[in-house]
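The structure displayed is predicted, hence computed values, not measured ones.
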2 protein chains.
Amino acid sequence: MSNNSVFIEKLRSSGLRPTRQRLQICKLLFDRQNTFHFSIQGLSKMIVNQHKEKKVSLATVYNTINAFKQKGYLKEISINSDKTYFDTNTSNHHHFFNESTNELIDLDNSEVGKIDIRKKIPGKKINSIEVIVKIANSN
Amino acid sequence: MSNNSVFIEKLRSSGLRPTRQRLQICKLLFDRQNTFHFSIQGLSKMIVNQHKEKKVSLATVYNTINAFKQKGYLKEISINSDKTYFDTNTSNHHHFFNESTNELIDLDNSEVGKIDIRKKIPGKKINSIEVIVKIANSN
DNA sequence: CAATAATTTATAATGATTCTAAAGTAGTGT
DNA sequence: ACACTACTTTAGAATCATTATAAATTATTG
Ligand SMILES: [Mn+2]
Ligand SMILES: [Mn+2]
Ligand SMILES: [Zn+2]
Ligand SMILES: [Zn+2]
């Protein structure tokens, strides 16, 4: 458990004042050992499960997550039209998507060989290269 | 312009009887030289622009596209939460996504070097590997 | 404390997609 | 053709995620 000031700074640098609600969200996301993937729905449930004095409205959850995304503290991952996931791992990396469980698993950049894009698009620059490996139970 | 029977068969094999509406959709998608990417909204506009006697309801468009997808005649591509695209190119291939224009461009399998996934997930099989290269104007 | 600015919240609006139920159309057997 | 049945289309409703709104609450400043 890090010092509160870390999270306060994270909010401030995202253009948000550190309020009770925002701090709760911020700690849920970043006060932990390992990065993780979540949906807004899942995050909302986590908030409810913490049984704090007051609830946090969905609007505040969305606003806070969007501010973090904007600032680059979160990545958004689109797997299919129905689900949007966010990732507290903002490093350059890829994903397995388990279609049986709807779970995301990180695929570190070092766990994928160099991706060789041989087609050029003149006048355009590459912003990102993302690999999604869809998996399922093998039996 | 191929023989109608090709499209009738495409519908039949998708479990759909060849009706006027479905044939119109089917030809829009497959009676052409090159494969292409589309959204439901875009496809609906194409249908309107054909000025046929009668309109085609959105429900029929969705139903028909979903049947083709199920059968494997269309691929669905998720780039971000807001937009779902379909692809009449069902071969194994990848995509550029132009973030300036929201356009998809095919990246043939042969235009990407072999993708080397070094991480194993025991008990799981790989269903697909998809690469999305996001691009934008370079200046 | 008073005045002001920022925040939270409930609720409404939006947009894509799916569902529903009624009306329309086609296929079958006579 | 006629009756009967099965399938299809359609408008509109329902759903769900997300964003917008506007009033109530809370924090900050003087
Ligand atoms: Mn879908
Ligand atoms: Mn988004
Ligand atoms: Zn990740
Ligand atoms: Zn394609």
Side-chain angles (χ1 to χ4, degrees), chain A residues 4 7-8 10-28 37-48 50 52-71 74-87 102, chain B residues 4 7-8 10-28 37-48 50 52-71 74-87 102:
Chain A
N4 250 12
F7 307 113
I8 292 173
K10 213 145 195 157
L11 286 165
R12 286 237 158 81
S13 59
S14 305
L16 300 175
R17 288 190 189 166
T19 63
R20 176 178 53 74
Q21 293 90 333
R22 288 167 177 169
L23 261 173
Q24 185 183 355
I25 294 170
C26 191
K27 287 180 181 171
L28 263 175
H37 307 100
F38 65 93
S39 65
I40 296 284
Q41 295 305 309
L43 179 59
S44 297
K45 281 189 189 115
M46 292 171 65
I47 293 171
V48 169
Q50 283 198 115
K52 292 290 170 75
E53 330 71 63
K54 291 187 182 171
K55 63 174 291 194
V56 180
S57 75
L58 245 197
T60 296
V61 176
Y62 272 104
N63 290 340
T64 306
I65 295 306
N66 282 334
F68 282 149
K69 181 176 77 174
Q70 190 107 331
K71 176 66 179 180
L74 290 175
K75 281 173 93 169
E76 190 174 353
I77 301 168
S78 283
I79 298 295
N80 64 49
S81 36
D82 335 299
K83 298 246 171 200
T84 299
Y85 294 94
F86 293 91
D87 194 340
N102 272 24
Chain B
N4 250 13
F7 307 113
I8 291 175
K10 214 147 195 154
L11 287 165
R12 285 238 156 81
S13 59
S14 304
L16 301 175
R17 287 191 189 164
T19 63
R20 178 178 52 74
Q21 293 91 333
R22 287 167 177 169
L23 261 174
Q24 185 182 356
I25 294 170
C26 190
K27 287 180 182 172
L28 263 174
H37 306 99
F38 65 93
S39 65
I40 296 283
Q41 294 306 309
L43 179 58
S44 297
K45 282 191 190 111
M46 291 171 66
I47 292 170
V48 169
Q50 284 199 118
K52 292 288 169 78
E53 330 72 62
K54 292 188 181 171
K55 62 175 291 196
V56 180
S57 76
L58 245 198
T60 297
V61 175
Y62 272 104
N63 290 341
T64 306
I65 295 305
N66 282 335
F68 282 149
K69 181 176 77 174
Q70 189 106 331
K71 177 65 179 180
L74 291 174
K75 283 174 91 169
E76 190 174 354
I77 301 168
S78 284
I79 298 295
N80 64 48
S81 34
D82 333 300
K83 298 246 171 201
T84 299
Y85 294 94
F86 293 90
D87 195 341
N102 272 25

(request) Return the value, rounded to whole Å, for the distance between atom CD of E53(A) and atom C1' of dT25(D). (result) 16 Å
(request) Would you kindly compare I40(B) and R12(B) by the position of their nearest DNA chain C nucleotide and give the one closer to the 5′ end? (result) I40(B)
(request) May I have the distance from N66(B) (atom CG) to dT9(D) (atom P), rounded to whole angstrom? (result) 14 Å
(message) Pair N63(A), L16(A) - check side chain to side chain contact (heavy atoms under 4.5 Å, CB included), show working.
(response) CA-CA 10 Å; N63(A) 290 340; L16(A) 300 175; over 6 Å; no
(message) Measure CD1/I25(B) against C1'/dT8(D) and give the value in whole Å, please.
(response) 12 Å
(message) At under 4.0 Å between heavy atoms, how does the protein contact nucleotides 7-16 of chain C? Give one character per nucleotide, 5' to 3', with B, S or -.
(response) SSBB-----S
(message) Using 0.5 Å steps for rounding, measure from the CD1 atom of I47(B) to the OG1 atom of T60(B).
(response) 9.0 Å
(request) Measure from CZ on F86(A) to P on dT18(D) and round the result to the nearest Å. (result) 7 Å
(message) Quick check for you: to the nearest 0.5 Å, what is the distance between E53(B) atom CD and Q24(B) atom CD?
(response) 7.5 Å
(request) Look only at the side chain of R12(B) and the backbone of P18(B), and say whether a donor-acceptor pair between them is shorter than 3.5 Å. (result) no
(request) Mind calculating the distance between CD (E76(B)) and P (dT18(C)) to the nearest angstrom? (result) 8 Å
(message) Working to the nearest 0.5 angstrom, can you tell me the gap between L23(B) CG and I8(B) CD1?
(response) 5.5 Å
(message) According to side-chain contact (heavy atoms from CB on, under 4.5 Å), who are the partners of Q70(A), at least two apart in sequence or on a separate chain?
(response) none
